[in-house]
Amino acid sequence: TIALQHGAHRIGVRTDADMARWRSLRFGQFIHWGVYAIPGGEWKGKTYNGAAEWIRSWKELPHEEYDNLYRQFNPVNFDAQQWASQAKEMGAKYMIITTKHHDGFCLWPSKYSKYTIAASPYKKDLLGPMVAAYNKAGIDVYLYFSIIDWSHPDYRASLKTAADSAANKRFQVFVKNQLAELLQRYPTVKGFWFDGTWDDSWKRDGAFTDELEQYLQSIHPGLVMGSRLRADEKGARHFDSNGRLMGDYEQGWERKLPEKIEDVHGNDWEAVMTVPENQWGYNAQWAGHIKTANELLEMLVKSVSLNGNFVLNFGPKADGTFRTEEQQLMTQIGQWMKINGEAVYNGTYAGFEKQDWGYYIRKAGTDSVYMVVFNIPVSGSLRVKMPAHTSLVSVSLQQQTLTPELIGRNEYFIHLSGKQSDTPVVILLKTTSGENKEKGNFEKAK
Ligand SMILES: COc1ccc([C@H]2[C@H](O)[C@H](O)[C@H](C)N2C)cc1
């Protein structure tokens with residue numbers, strides 16, 4: 001390894017209570033909301049093919065016009081209580097809200113910028129009511145914050161001149177001030193979700209990113225911040241130049257999931273996912289494949305089975321309401337979570353050999369292992385190979401006790417006689433482990 005001043009400061013996962021809480025939540029709701037919801041991916045009859053929240057970068061929409069959209073931003077139908085209750089119904093345990101995206105428009109009346117909700121017809125702070133309503137519903141709130149800020153005169157993507165460096169210094173002060181302001185205004189938030197940290201100007205100043213992270217922890221101990229904030233002094237991001245994860249969890253899983261446990265290298269991690277292929281902010285016409293509730297449940301369950309969190313994104317309209325498709329998804333996912341959430345919350349990697357029928361999830365610190373079945377085989381028989389020194393004590397499907405068939409050494413078939421289901425099936429295995437523990441109930445010779 002090489003000597004680093006601003007690389008990872010910790011080997012292995014965070015073991016404090018705040019991180020344990022983040023880890024227990026497993027299922028989050030991302031919300032991308034801002035003035036980009038006004039065009040919604042379209043402008044003067046033309047459709048923008050990129051992600052709707054990036055429409056300002058589209059040559060068909062002059063910056064001057066985009067930067068005046070805030071004059072129309074008036075979410076009269078915004079109802080924080082309604083947002084929080086539908087998130088609760090879906091089963092989300094945390095929410096991540098865009099305080100400001102790359103365009104720099106602030107959903108809160110920041111005293112460090114004129115480009116805020118205070119300048120809009122709506123005038124009022126949007127974040128305060130959101131944080132209060134979600135917390136009241138028992139949902140933790142995390143703040144998305146884009147370092148890139150296209151609206152700020154001192155923002156520089158790269159530093160070519162001394163003037164650039166001077167501007168960048170001023171910009172760093174601005175960033176630090178806004179982050180401190182957010183923590184001061186919304187003290188119950190549990191962390192930041194940083195974005196827009198790929199430009200040279202940011203990743204070349206590893207020392208600043210390190211000091212900033214430590215500063216934020218000092219004024220708000222316990223904050224949970226992922227690997228997107230920092231760079232080490234060599235410009236390495238997420239993983240420092242010694243391959244060690246920076247930040248509290250790996251934050252690179254954007255619209256993609258790891259395949260197997262080795263892919264996450266023993267780190268905490270979180271995946272963020274869009275319902276369409278790549279739309280975060282509101283996009284009027286959803287084109288391409290729109291993920292179904294079952295697809296999204298499989299991503300959630302797969303993430304938890306690999307020791308990670310899964311965050312599903314929603315893009316409210318400019319008026320503050322959610323599109324019908326998103327409301328229907330929240331309801332459908334919530335119907336499954338209401339019955340089966342126990343398999344997701346506090347879920348961890350089970351240590352069982354993966355089978356084709358679906359995923360194993362271990363309830364943290366227990367001998368309870370859930371099988372979440374997405375693919376019932378034509379045989380109806382679910383193969384279960386017990387890990388070494390682990391015995392099977394009982395098998396149940398909801399309130400029904402099942403008797404597995406012993407088909408080999410510590411290997412079973414669980415027969416789902418003629419079972420069909422249009423949503424994932426959850427089976428609970430009670431196990432016992434340890435060298436000299438008594439054998440499970442199904443190993444005695446017939
Ligand atoms: C250049 O590729 C990008 C850059 C930024 C993103 C942003 C999206 O706008 C959204 O906020 C997502 C979480 N973030 C990574 C996505 C892809």
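Counting starts at 1 for both ligands and their atoms, in listed order. All of these numbers come straight from a predicted model, not from anything done at the bench.
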Give me each pair satisfying side chain to side chain donor-acceptor pair (under 3.5 Å) with a member in residues 86-101, each pair once, sequence neighbours excluded. Y94-E270, Y94-N309, K100-D149, K100-Q178, H101-Y144
How about E262: does its CD atom have over 12 heavy atoms from other parts shown lying under 6.0 Å from it? yes
If I take atom CG from residue N278 and atom CG from residue N49, how far apart are they, to the nearest 0.5 angstrom? 11.5 Å
Answer yes or no on whether R156 is positioned over the face of W202, meaning its NZ or CZ is under 6.0 Å from the six-membered ring centre and within 45° of the axis. no
Got a salt bridge between R204 and D200, using NZ or NE/NH1/NH2 to carboxylate O under 4.0 Å? yes
Give the residues near ligand 1 by chain and number, with the criterion being a heavy-atom distance under 4.0 Å. H32, E53, W54, H101, H102, Y144, W193, D195, W198, E254, W280
Sidechain N-carboxylate O distance under 4.0 Å for R170, D154: yes
